[in-house]
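Counting starts at 1 for both ligands and their atoms, in listed order. For this chain, numbers begin at 1 and follow the sequence in order. This is a predicted model, so every value here is computed, not measured.
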Amino acid sequence: MIEQEIIKSTEQYLIEQFSGESTGHDWYHIRRVWRLSKSIAEKEGDMDMFVVEMGALLHDIADHKFYDGDDKIGPIKAREYLSKFEIEDARLEKIIDIVKEISFKGMGVPTKMSSREGEVVQDADRLDAMGAIGVARTFAYGGSKGRTIYDPMVKPVCHTSFAAYKMSTAPTINHFYEKLLGLKDRLNTDTGKIEGERRHLFMEEFLKNFYQDWDAIVR
Ligand code: ADP
Ligand code: NI
């Protein structure tokens, strides 16, 4: 199969697998990360676009959050899926490494990507956790886990291990302090950083309004 056919066939597979998923990891999240990755990669230049596109398409193929916190399953599923195509080894490994390395693991835990293509896909995935879409996804995820939206008595924490980050059951607003507001400074590419700035400002504005409305008095 030629590259474009592999991409098309993967798109079809993911539409079938992820349509209608309601925790923020639906097909449209994948589609946005795919499109953003392509557009960042074009601006950054000099990328293996097939690796960028396949990494973006497969990045959430088996998210640890839905497999009891097991972060080994994503790369295994990706390898299994890719084995039906003929892809040269070096590129195959690069795609699998993207799936392996992409996830956020806590504000105090570094998550370095081992390829430039991976840096692009990680930026795209993080940008989709920021801004207006990020706010919507965050509350959708919190709701799916039965979390409250806010509890002023529960303070945010800076997680220094993936284990501690995964176990958190804090109110959804805390997630802004435990992850989302930190993303701006963890973007890899110049293109990602420019877009991240805009999305970051929107989240700050959202939080400002949230606390104002929480006070429940007219001014
Ligand atoms: P990443 O792809 O960087 O690993 P995740 O898969 O952890 O991102 O997150 C997917 C979406 O779910 C994001 O919008 C993220 O902010 C949201 N999310 C993850 N964990 C939580 C949480 N504890 N509370 C609320 N939203 C969350
Ligand atoms: Ni994702």
Looking only at non-hydrogen atoms, which of [options] approaches [atom] most closely?
atom                    : options                : value
atom 14 (O) of ligand 1 : K105, H29, R137        : R137
atom 3 (O) of ligand 1  : K179, Q122, M130, K145 : K179
atom 17 (C) of ligand 1 : R126, H59, H175        : H175

Purely on distance, is any nitrogen or oxygen of [X] under 3.5 Å from one on ligand 1?
X    : value
T172 : no
S103 : yes
Y141 : no

Subset of ligand 1 atoms that lie under 4.0 Å from at least one heavy atom of [X]:
X    : value
L180 : 16 (O)
F104 : 3 (O), 4 (O)
D125 : 1 (P), 2 (O), 3 (O)
R147 : 22 (C), 23 (N), 24 (N)
T138 : 16 (O), 25 (C), 26 (N)

Next item on the list: Tell me which N, O or S atom of D60 sits nearest to the Ni ion (ligand 2).
Entry: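 In D60, the heteroatom (N, O or S) nearest the Ni ion (ligand 2) is OD2.
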Notebook entry, point to check: Relative to the Ni ion (ligand 2), which of the N, O or S atoms in D125 is the closest?
Noted result: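 Answer by atom name: OD1.
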If the threshold is 4.0 Å, N to carboxylate O, is there a salt bridge linking [X] and [Y]?
X    : Y    : value
K94  : D97  : no
E178 : K155 : no
K8   : E11  : yes
E3   : R91  : yes

Item checked: I7/M54 under side-chain contact (heavy atoms from CB on, under 4.5 Å): CA gap, chis, key distance, verdict -> CA-CA 7 Å; I7 290 170; M54 290 302 287; 3.9 Å; yes
Item checked: Where the Ni ion (ligand 2) is the vertex, angle from H29 NE2 to H59 NE2 to 10° ->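 If I round to 10°, I get 100°.
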Notebook entry, point to check: For the atom pair CD1 (I98) and NE2 (H59), what is the distance rounded to the nearest 0.5 Å?
Noted result: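 Reported to 0.5 Å precision, the distance equals 10.5 Å.
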Margin query: What's the separation between atom CZ in F210 and atom CD in E205, rounded to the nearest 0.5 Å?
Written below: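 Result: 14.5 Å between the selected atoms.
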Next item on the list: For atom NZ of K208, decide whether the heavy atoms of other residues, nucleotides or ligands shown that lie under 6.0 angstrom number more than 12.
Entry: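 For K208, atom NZ is not crowded (no more than 12 foreign heavy atoms under 6.0 Å).
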Check: So I173 and F139, side-chain contact (heavy atoms from CB on, under 4.5 Å) or not? Walk me through it.
Finding: CA-CA 8 Å; I173 283 284; F139 286 98; 4.0 Å; yes
